[in-house]
Amino acid sequence: MSSNPYLFAAYAATWVIHIIYLATIRRRYARLKREIEELKK
Amino acid sequence: MRRLFPILVIFTGVLLSYAMSIALLPVVHIGGITLIGAPTEQTMGSVQRIFYYHVPSAWTAFILFFINLGASVYYLIKRCATADIVALVTAEVGVVFCTVVLVTGPIWARPVWGIWWTWDMRLTSTLVLWLIYVSYLFLRKFSSSGQTPLLAAALAVLGALCVPFVYFSIWFFRTQHPQPVMGGGGSIDPRMLHVLLVNWLAFSCFAFLVCWSRFRLEKVQREVDEAHAMRSLLDDPSAAARSMR
Amino acid sequence: MSGAAEGQKGAKQGVARGITRATLLKDLRLEWRSKDAINSMLFFSLLVVVVFSFSFDPSAEESRQIAGGLIWVAFLFAAVVALNQTWARELRNQVLDAYRVSPAPPNSLFMAKVLGNFIFVAVLEALMTPLFIIFYRLRAIGPAWQLLLVAAFGTWALVVNGTFFAAMSIRTRSREIMLPLLLFPISIPAILAMVQATAGILTGEYSARFWIVLLATYDLVFTTGCLLLFETVLNAE
Amino acid sequence: MTDNAPVITVHNLIKQFGRFAALRGVTAEFAGGKFYAILGDNGAGKTTLLRTLAGLNEPSSGQVEILGSRRFREICREVGYMAHPSLLYDEMSGVENLAYFAQLYGIEAPGRGAEVIAAVGLDATLTRPVGQYSQGMRQRMSLARALLNDPKILLLDEPFSNVDLRSAREMVRLLAGLKDQGKTIFVVTHQASLLEGAVDEFVWMAAGKIVGRTRELTPPEPVA
């Protein structure tokens, strides 16, 4: 593995962006789930 | 279809880890055979490896935007709700990938060109593309009418019409004012090309998975909205009728 | 038989053109009475001229380089003021609904609005350009007549997209903010072309021909696109 | 009087705004040459029904058939629509307004505007802009606009709101006269008592449905 900091930064940035987006999807799923529970009542 | 999902997740995971390892690790030779990795670029050094996720992300984003255009046109003709969800999802995930491109680009440019940002042709046009699709997402978010899909589809078509102009104008703009040019050019090492393609495949699979789950989310969301509306349809109107007296 | 059909089509186009003219005259009359748009536009771009002059030394050499961008940015922002007015006028008392229940074709309304805005922005440019020339001591080294072409095509590009996106943004919350958000990204190639062409003509360093052709193509493509999509946008409540 | 075949047929009309259903399955037939009053509480869906009939709202599902056509644009010349807002340009005078709208309908007769203005009991020589009219005058001018194309069907949303009693009675007389000419008239209103005697049928709406139709001004029994 290269120790070049720029390479590492770019690598980290890529996955941070993807993970943030995936987290928003997850949050929306959770909210939706709550809403479905409410609807079932 | 839904049973396929876990299989796809595993497949994409394996592919991604393979793609990442060959992108990041230097070549390992055992007995004269290249086992793993791409050669380190001579002039730029290992920084060049940023390309292995910069470029595939860009390709993936372009493909997603292209699908967005197709779905939007289809929606305008057929008014099919699924096409609208596809358009929404591809635009959103496309913007995410485009963001990756715009972030990794400067990180590459800094050590190679010595500047974070240059108004180079590719960076600039990608930025403009990003702006167009972010404005598309804004419209979807702020539209108050029940006809959001129609407005969004219209914007997507005009935005796509704009893309050739963006490239053409910025290309001409840049050839007029010389700027730092990308290093080397010419032919690419076949082993590098191999790594690039594997990464692209991996990122495409990843994008497809993200789109899928986002698609499911949107679809269920709309079903819930529909259920709310149905419930208000079924409510007993007699209460209101009584209050009328 | 086909001749009759063609005659009918011609008559239809005549009707559409008549409605465009009627709507345009109506808009001009309304603007003449209130002068909302033109006054605020004029004052706004005057402000831009003055404010920009503080940000750099408006000496002849430097200003010639930047003037292209400066002029068009001022006009672009001023145009947004007028564009927001266009449909605000139709939304007051919901007059737009009266148009929608009538048999008049939607594209006539669109063309009338585009022509109206073109006239407003053109008037603004005619009034402001001398001011720019005086304040920034501008003088064209290249062929000055090409500036007219740039102005005409450039204004049309701004106005055609602006009218369309203004119609789109009246269907959104916080509509005044939405217009620039939608309009600016898509207008980037046009703005680039206008700025480059103007700078090329003012400095005389390069030919503006490519940019003028690009602008003309842009106008053609987007006018067609907007006309095809306008009915959809108008009827989306 | 005139033929009483249905001029408007509405079948299972549903209109949703997001999660809210404004119309929840309206099915009805309306005969030609009659005067209908649509009554109901705020939010009962009266205005939405009228707007959907006028082709301004796309129904979420269900059908509207006017004069045998399902495409509003084909019959839009036969429909006059008056909304709660005036649908007039405040900065122009009544005659100027009507001259413009006449052009939209391709009406070439130059006197048509003055004719309908006189028909609603206003002075066609007024040059004041509409914005300076009193509410009652503005409502009448708005009615004049709806009458401009001599429609067979009139859809009027709250024509008497903020109008003084005497003017409102005059407008009712005017509408009754129009009915006698064979026009079908729909009036959405809160002031039902004004219309007693003039109206053929009261249509009662509640919570997005038609809950009853009566000849007299007595609300129908609530659905149990």
Side-chain angles (χ1 to χ4, degrees), chain B residues 65 69 72-73 75-79 84 91 95 98 119 121 124-178, chain C residues 65 157 160-161 164-165 167-197 199-200 205-211 213-215 217-237:
Chain B
F65 291 148
L69 170 65
S72 300
V73 171
Y75 181 81
L76 281 175
I77 297 167
K78 291 274 164 88
R79 304 286 152 98
D84 176 52
V95 165
C98 210
W119 293 96
M121 132 116 207
T124 312
S125 46
T126 311
L127 178 64
V128 175
L129 198 65
W130 185 84
L131 288 174
I132 290 175
Y133 281 92
V134 168
S135 80
Y136 172 90
L137 293 181
F138 263 116
L139 176 68
R140 294 208 76 121
K141 192 160 164 19
F142 282 108
S143 171
S144 55
S145 77
Q147 309 280 338
T148 313
L150 273 180
L151 299 183
L155 177 61
V157 170
L158 287 186
L161 277 183
C162 193
V163 171
F165 287 100
V166 170
Y167 278 86
F168 209 43
S169 61
I170 292 173
W171 168 75
F172 194 80
F173 182 42
R174 279 310 152 209
T175 45
Q176 232 171 50
H177 304 245
Chain C
Q65 299 283 344
V160 93
N161 277 341
F164 186 85
F165 288 119
M168 203 178 243
S169 59
I170 59 171
R171 306 297 185 199
T172 62
R173 278 176 280 139
S174 58
R175 48 178 90 107
E176 315 262 290
I177 306 168
M178 242 1 243
L179 173 62
L181 288 188
L182 297 174
L183 176 62
F184 289 180
I186 284 198
S187 301
I188 286 174
I191 294 167
L192 183 61
M194 289 182 262
V195 171
Q196 288 302 308
E205 278 168 14
Y206 51 90
S207 156
R209 182 163 298 152
F210 169 83
W211 295 112
V213 173
L214 186 85
L215 265 181
T217 324
Y218 182 94
D219 285 352
L220 195 68
V221 168
F222 277 88
T223 308
T224 316
C226 290
L227 282 175
L228 286 175
L229 292 168
F230 181 70
E231 185 168 4
T232 311
V233 171
L234 179 70
N235 288 331
E237 346 91 52

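Proteins come first, then strands; the chains are lettered A, B, ... in the order of their sequence lines, and each starts at number 1. A quick note: this is a predicted structure, and the numbers were derived from the prediction, not measured.
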Donor-acceptor pair, side chain of C:Arg173 and main chain of B:Lys141, under 3.5 angstrom
yes
Is there side-chain contact between B:Leu131 and C:Phe184, with heavy atoms separated by less than 4.5 Å?
no
Please determine, among B:Leu76, B:Val134, B:Leu139, B:Leu150, the option with the most heavy-atom pairs under 4.5 Å with chain C.
B:Leu139
Relative to chain C, which segment of B:Leu129 carries a heavy atom at a distance below 4.5 Å: side chain, backbone, both, or neither?
neither
For C:Leu181, which atoms come within 4.5 Å of any heavy atom of chain B: side chain, backbone, both, or neither?
both
Select, from C:Ser169, C:Ser187, C:Pro189, the one with the greatest count of heavy-atom pairs under 4.5 Å involving chain B.
C:Pro189
Rounded at 0.5 Å granularity, tell me how far SG in B:Cys162 sits from CD1 in C:Ile188.
7.5 Å
In terms of heavy-atom proximity below 4.5 Å to chain B, should C:Phe165 be classed as side chain, backbone, both, or neither?
side chain
Can you find a pair of side-chain heavy atoms, one from B:Leu151 and one from C:Val233, that are under 4.5 Å apart?
yes
Distance in Å, B:Ser169 OG paired with C:Met194 CE, rounded so as to fall on 0.5 Å steps:
11.0 Å
Minimum heavy-atom distance between C:Met168 and B:Ala154, given as atom pair plus value:
CE-CB, 3.7 Å
Can you tell me how far the CG atom of C:Leu192 sits from the CZ atom of B:Phe172, to the nearest 0.5 Å?
10.5 Å
Correct closest heavy-atom pair for C:Ala236 and B:Gln147 would be CB-CB, 3.3 Å
If I measure from the heavy atoms of chain B, does C:Phe230 come under 4.5 Å with its side chain, its backbone, both, or neither?
neither
Part of B:Arg79 within contact of chain C (heavy atom distance under 4.5 Å)
side chain
Is B:Val157 in contact with chain C via its backbone, its side chain, both, or neither, using a 4.5 Å heavy-atom distance?
side chain
Using heavy-atom distances under 4.5 Å, tell me whether C:Met178 contacts chain B through its side chain, its backbone, both, or neither.
side chain
Assert yes or no for the condition that the ring centre distance of B:Phe168 to C:Tyr218 is strictly below 6.0 Å.
no
Please check if atom CZ in B:Phe138 has more than 12 non-hydrogen atoms from other residues, nucleotides or ligands closer than 6.0 Å.
no
So for C:Leu229, is it side chain, backbone, both, or neither that comes closer than 4.5 Å to the heavy atoms of chain B?
side chain
B:Tyr133 vs C:Pro185 side-chain heavy atoms within contact, under 4.5 Å:
no
Which residue in the set C:Val221, C:Ile186, C:Leu228 passes side chain to side chain contact (heavy atoms under 4.5 Å, CB included) when paired with B:Leu158?
C:Ile186
